Structure formats: structure tokens, C-alpha cells
Amino acid sequence: MAPPRSFLWSRRIFLTLLTGFVLIPVYVMLSSSLKPLADVTGTFRWLPTELTIRPYIDIWSTVPLGRYFVNSLIVAGAATVCSVVIAVFSAYAVSRYSFRGKRVFTVTVLSTQMFPGILFLLPLFLIYVNIGNATGIALFGSRGGLILTYLTFSLPFSIWMLIGYFDSVPRDLDEAALVDGCGPLGALFRVVVPAAVPGIVAVAVYAFMTAWGEVLFASVMTNDTTRTLAVGLQGYSTLNDVYWNQIMAASLVVSVPVVAGFLLLQRYLVAGLTAGAVK
């Protein structure tokens, strides 16, 4: 039975308003990034009177954006790889084997998501400083320390999500692989992982986005050399002026990797987030 006409029009109006709510800020960012600074700081106009690509050139010299970009790629990429690898092994062990403390482990992993991240800021800061004083290993102000910090957030969710996804993969596949001569690791990499690609991709995207846009820990755990993009954008605001057009241009530039990755992996991401509920 077809839905009533009033429902169709209500849905169209709602989707139109929602689309405008999402796209208008993007248009303002894009138009402001193509304006001279005087036009941005003056009266706002929906249609720019003068267009220039100068802000996209100046963003690389006003602050060391290239260095921040490399730092973010290294930190987010390493945190994503470590999170996915550890989560795959942990989730597979929990999903396929019974051991003492299994329920306690899963509840503990899930319970870590109940606490806000700011509660871990001071403890991690003190741990890193004390480790550095005792062993000479520089975790505070280093990329390695920031990668470990991001693992404390992305890894519990990754493990919990992959446990549910691995549970939806039939155990008959594992048994068939074992009969064919594969060991536990062979069954994992040759059978379970290929069947769980959507879930693994969803975990990877979540871990990367978490590390790419995080501000609180990056502002405390980094220095001028290891600063990431999320914190480095503050450099466009000085005591004398705020380069709004460059901020808008830099914000669009740093969003490209995340948006491109999301669009390329959207099919796997949606499948990974919904597979556990429909299998």
C-alpha cells in the first residue's frame, strides 16, 4: 500500500531542510576560503565579489601545515593499523574460544566506553612523564605516545565490534578450514578475515577518524615538532589577526583524506555496521 501524500510531502520537506542544514555550512566554508581576508572579515555576502585561490597557497607558509599533515598521517595511520591488528586477534579469541575470565574481559572492554576521555588525560600525562624519567623513553611529546593514547579509545570499541561480527560468521567455515589442514591462524586469515572484511573496514574507518580529528589529547601530548593538524589549525589565529579565509581553506584541505576514504569505503562501512544485526 502506497504511503499517503501528506507523508511524502512531509518527508520531502524534512529532507530538504536537512540537506540545507548540512550543505550551507560547507558552502560558507568554501566561499570564505576563496575570498580575500578583507571580504571575510567584512559584511558577509552569499555571493563573493572577488575570488582568489591565494588562501590555499598561503596556508602552507603561514603555519607548517605540511609537517602537521605528515604527523597526522603517521599517528592516525599507525593507530588504525595497530587497532585493527590487535582487535582482530582479540575478537577472534573471544568469539571462537572459551577461557576463564572471558565474560569479565568483554564487560571490561565495553565498560571503558562509559567514561569521558578527559578522565584519562591527567593519568596518561603522569604515566608518560614518569616512564620518560625512569627509562628515558620519550612518550610525552612524541608520536608514539600519541599513538598509544589513541589506542586506549579506539581499541576497546574495535574489539567489541569485531566480536559481534565474528560471531555472525558461521563456525562451519572454521571447521572446514581445519579439516583442509589449516591451523587456527590459517583459518583466521584464509577464511574468517575475508568473510569479515566489511566489519574490519568499519573498525579501521572509526579508528582513523577518531585519531585524525582528536584535539584534547593532541594539544597536551604533543609539542611544536609532533603537533597534528587538529591542533595546528590554531596557528592561523595570532595575537594581531585571525586569518579566517586560510582557516576555512585549511579545514577543507585536511578534510579531504577523511571524506575521500569515507566515500571510497562507504559500501563496506555500512555493511560492517549493519551485518551483525541481519546475519
Side-chain angles (χ1 to χ4, degrees), residues 1 3 11 73-117 120 147-214 257-279:
M1 188 170 113
R11 185 176 62 179
L73 283 177
I74 293 175
V75 171
T80 300
V81 172
C82 293
S83 180
V84 169
V85 171
I86 298 174
V88 165
F89 285 104
S90 302
Y92 182 73
V94 173
S95 174
R96 292 301 193 261
Y97 298 99
S98 298
F99 53 88
R100 182 176 298 178
K102 175 179 177 179
R103 182 174 179 82
V104 175
F105 174 78
T106 55
V107 172
T108 302
V109 167
L110 185 58
S111 64
T112 58
Q113 304 300 302
M114 298 169 54
F115 304 99
F120 301 98
I147 292 171
L148 289 176
T149 301
Y150 291 154
L151 282 178
T152 61
F153 300 105
S154 62
L155 189 55
F157 177 82
S158 301
I159 294 174
W160 174 73
M161 181 174 178
L162 284 183
I163 289 174
Y165 198 92
F166 285 168
D167 286 342
S168 67
V169 177
R171 295 177 181 268
D172 295 341
L173 297 177
D174 301 51
E175 297 174 357
L178 294 176
V179 170
D180 290 339
C182 292
L185 291 180
L188 171 62
F189 289 111
R190 295 185 180 183
V191 177
V192 179
V193 168
V197 166
I200 295 174
V201 170
V203 166
V205 171
Y206 168 79
F208 186 86
M209 293 179 65
T210 299
W212 185 264
E214 202 279 327
V258 176
V259 174
F262 180 82
L263 293 177
L264 291 174
L265 302 175
Q266 182 181 11
R267 176 167 59 93
Y268 297 101
L269 180 62
V270 173
L273 292 175
T274 59
V278 299
K279 283 192 176 183

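Here the structure is a predicted model, which is why all the values come from computation and not from measurement.
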Enquirer: Is there a side-chain contact between Pro198 and Tyr165, using heavy atoms and a 4.5 Å cut-off?
Expert: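 SC-SC contact between Pro198 and Tyr165 confirmed.
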Enquirer: With the side chain counted from C-beta on, respond yes when Val75 and Tyr150 share a heavy-atom pair under 4.5 Å apart, and no when they do not.
Expert: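 Of all side-chain heavy-atom pairs linking Tyr150 with Val75, at least one is under 4.5 Å.
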Enquirer: How about Arg190: does its CZ atom have over 12 heavy atoms from other parts shown lying under 6.0 Å from it?
Expert: no
Enquirer: For a quick test of reading the model, state the closest non-hydrogen atom pair linking Ile147 to Ala78 and the distance between them.
Expert: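 So the two residues come closest at CD1-CB, 3.4 Å.
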Enquirer: Of the non-hydrogen atoms in Met161 and Gly199, which two are nearest, and what is the gap between them?
Expert: CE-O, 4.5 Å
Enquirer: Side chain of Ser83, backbone of Thr80: donor and acceptor closer than 3.5 Å?
Expert: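 It does not hold such a pair.
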Enquirer: Among side-chain atoms of Thr210 and Ser154, is any donor-acceptor pair under 3.5 angstrom?
Expert: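 Absent: no donor and acceptor within the cut-off.
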Enquirer: Once the angle between the rings of Trp212 and Phe208 is folded into 0 to 90°, is it parallel (under 30°), tilted (30 to 60°) or perpendicular (over 60°)?
Expert: parallel
Enquirer: What's the spacing between Lys102 NZ and Ser95 OG if we round to 0.5 Å?
Expert: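 OG of Ser95 is found 7.0 Å from NZ of Lys102.
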Enquirer: Mind checking ring pair (Phe, Tyr, Trp, His ring centres under 6.0 Å) for Phe153 and listing every partner two or more places apart, or none if nothing turns up?
Expert: Phe217
Enquirer: Please output the side-chain donor-acceptor pairs of residues 84-92 that fall under 3.5 Å, not counting sequence neighbours, one pair per line with the distance.
Expert:
from, atom 1, to, atom 2, distance (Å)
Ser90, OG, Ile86, O, 2.8
Tyr92, OH, Asp174, OD2, 3.2

Enquirer: Under 4.5 Å between any side-chain heavy atoms of Leu173 and Val192, yes or no?
Expert: no
Enquirer: Mind listing the closest non-hydrogen atom pair of Val191 and Ala177 along with its distance?
Expert: CG2-CB, 3.6 Å
Enquirer: Hey, could you give me the CZ/CG distance between Arg96 and Asp167, rounded to the nearest 0.5 Å?
Expert: 7.0 Å
